[in-house]
Asker: 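This is the structure, below, for whatever I ask next.
Note that this is a predicted model, so its numbers are computed, not measured. Just so we're on the same page: letters track the sequence lines, and every chain starts at 1.
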There are 2 protein chains.
Amino acid sequence: MTVTPERPLRADAARNRYALLKAASEEFAAHGLDASVADIARRAGIGKGTVFRHFSTKDDLLAAVVIDRIDGLGLLARDLLTAPDPGAALLEFMEAAAGRQRQLDLSFLRDAHSVNDLLDDTRSELFTAITALVERAKDAGAIRPDITGMDVILLMCAPNHVVSFVPDAPPDLWRRYLGIIFDGLRPEGARPLPAAS
Amino acid sequence: MTVTPERPLRADAARNRYALLKAASEEFAAHGLDASVADIARRAGIGKGTVFRHFSTKDDLLAAVVIDRIDGLGLLARDLLTAPDPGAALLEFMEAAAGRQRQLDLSFLRDAHSVNDLLDDTRSELFTAITALVERAKDAGAIRPDITGMDVILLMCAPNHVVSFVPDAPPDLWRRYLGIIFDGLRPEGARPLPAAS
DNA sequence: ACTCAAACGGACCGCCCGGTCAACTTGCTA
DNA sequence: TAGCAAGTTGACCGGGCGGTCCGTTTGAGT
């Protein structure tokens, strides 16, 4: 979580919390939503009870991990709003999003819906930043005019999912599919699209 | 299953088997791999024990459902090999694939790996048909030359996954993303791609 | 050094899952 | 219509899950 606790954590508790978040991130990356709390605790080297002392629910723990990622992406998106080349900035953002997601399939965003208010807030901040990035790229003529921020949000998740079907994929295979998808966003040779959501 | 049983099924057994496959397809579509055998049985109006009489394992039941879908796609792909416009044929195939998958997220193809030999065979038949479809579209100049059959196989799954993030998506939103992705396959404005798998 | 709230850990609980089984029912055949 | 194999059923089992609880340990203030 990003909220500052009223009283600072005890030294060992802070250490454990950090190890727990790291272990949870790795374990969720490896096994998706099916990762068990017991396995996460074992990987972090702490007892299962300690997990629930830090996060009252498995969903809360998941939300904390996700918020971390989303927060980082939001920061990057806001940074890139001042980059010189708007088209390159959007591509760089989508590359970063795909690259980080490689560790953590974002499909729980669908399942972990409004489980946690802080998560909802962080996510909508990310969404507005991405929309601004997209508008800027459209104004520069780098992508076709019928693309929305939501399109980018949805499509930036695709490369990792696509690659997850390949058993022994090289670690940067996702770049190939991001390349294809981003080419589909370009104005050249674009066909009219069905209505947006 | 497509294999003909040595002795024909009794009338009630055949009825139950049909209802079971239908229920399983619907339940897997609704809840993914987490659909429980008990729920499937209830939806089919039969006892849980009967499920395991027809399919010795939950994975076997899943495989039977998947084989059904894959088989239909393979037939379509082979049909489209003689269509007049190779580019339109490929697009039509990808549309059919996305449209049918809407009922059944294909992500279990990754998880249900080599669980069932018949599934593996059916799947590789589909793969060769798709590759032929792609080669034909490339020769006609309808898609860029650096696309492989595997690319199409992977990308045709993407629109549904992408749309699944949208809570109340209109039922044909996937067409929008298939449109973008297919535009990314076209020769116009294509950028060089990282190496294939 | 003493104290005690804070933090820890793992046995434990209830639940639900996939899969089994033996008693029961039913459709085919003669 | 009688007999029997084929089919059905739901109670039941072992196991793993998320979450609880309380006896124990530990770090920080004095």
Asker: Choose from C:dG18, C:dA7, C:dG27 the nucleotide whose nearest atom is closest to any side-chain atom of B:Asp12.
Answerer: C:dG27

Asker: Just the rounded figure in Å: distance from C1' of C:dG18 to CD of B:Glu27.
Answerer: 15 Å

Asker: Under 4.0 Å between a side-chain N/O of B:Lys58 and OP1 or OP2 of C:dG18, yes or no?
Answerer: yes

Asker: Can a donor-acceptor pair be found between the side chains of B:Asp151 and A:Tyr177 at a distance below 3.5 Å?
Answerer: yes

Asker: Ignoring the backbone of B:Phe52, work out which of C:dA7, D:dG7, C:dG18 is nearest its side chain.
Answerer: C:dG18

Asker: Reading DNA chain C from 5' onward, which residue's closest nucleotide shows up sooner: A:Gly49 or B:Ser56?
Answerer: A:Gly49

Asker: Salt bridge check: are B:Arg15 and B:Asp12 linked by an N-O gap of less than 4.0 Å?
Answerer: no

Asker: What is the distance from CZ of B:Arg42 to C1' of C:dC16, rounded to the nearest Å?
Answerer: 12 Å

Asker: So which nucleotide from D:dG7, C:dC8, C:dG18 ends up closest to the side chain of B:Arg10?
Answerer: D:dG7

Asker: With the side chain of B:Ala13 defined as its heavy atoms from C-beta on, choose the nearest nucleotide among C:dG18, D:dT8, D:dG18.
Answerer: D:dT8

Asker: Send over the distance from A:Leu9 CG to D:dA28 C1', rounded to a whole Å.
Answerer: 14 Å

Asker: Quick one: pull up CZ in B:Phe52 and OG1 in B:Thr57 and give me the separation to the nearest 0.5 Å.
Answerer: 7.0 Å

Asker: Closer than 4.0 Å, any side-chain N/O of A:His54 to the OP1 or OP2 of C:dA7?
Answerer: no

Asker: Does a side-chain N or O of B:Asn16 approach OP1 or OP2 of D:dT8 to a distance below 4.0 Å, or not?
Answerer: yes

Asker: If you measure from the Lys or Arg side-chain nitrogens to the Asp or Glu carboxylate oxygens, is any gap between B:Arg136 and B:Asp139 under 4.0 Å?
Answerer: no

Asker: Specify the separation, in whole Å, of atom CZ of B:Arg53 and atom C1' of C:dT25.
Answerer: 13 Å

Asker: Indicate yes or no: does A:Glu95 engage A:Arg100 in a salt bridge with an N to O separation below 4.0 Å.
Answerer: no

Asker: Answer yes or no: does a side-chain N or O of B:Thr50 lie under 4.0 Å from OP1 or OP2 of D:dG7?
Answerer: no

Asker: Which whole-number value in Å describes the distance from B:Asp34 CG to C:dG18 C1'?
Answerer: 13 Å

Asker: Mind checking if B:Ala35 touches a base, just sugar-phosphate, or nothing, with heavy atoms under 4.0 Å?
Answerer: sugar-phosphate

Asker: Please determine, for the side chain of A:Lys48, which listed nucleotide (C:dC28, C:dA6, D:dG18) has the closest atom?
Answerer: D:dG18

Asker: From the options D:dG7, C:dA11, D:dC17, select the nucleotide whose nearest atom is closest to the side chain of A:Ser36.
Answerer: D:dC17

Asker: Quickly work out the A:Arg15 CZ to C:dA6 C1' distance and round it to whole Å.
Answerer: 14 Å

Asker: Rounding to a whole Å, what distance do you find between B:Arg17:CZ and D:dT8:P?
Answerer: 11 Å

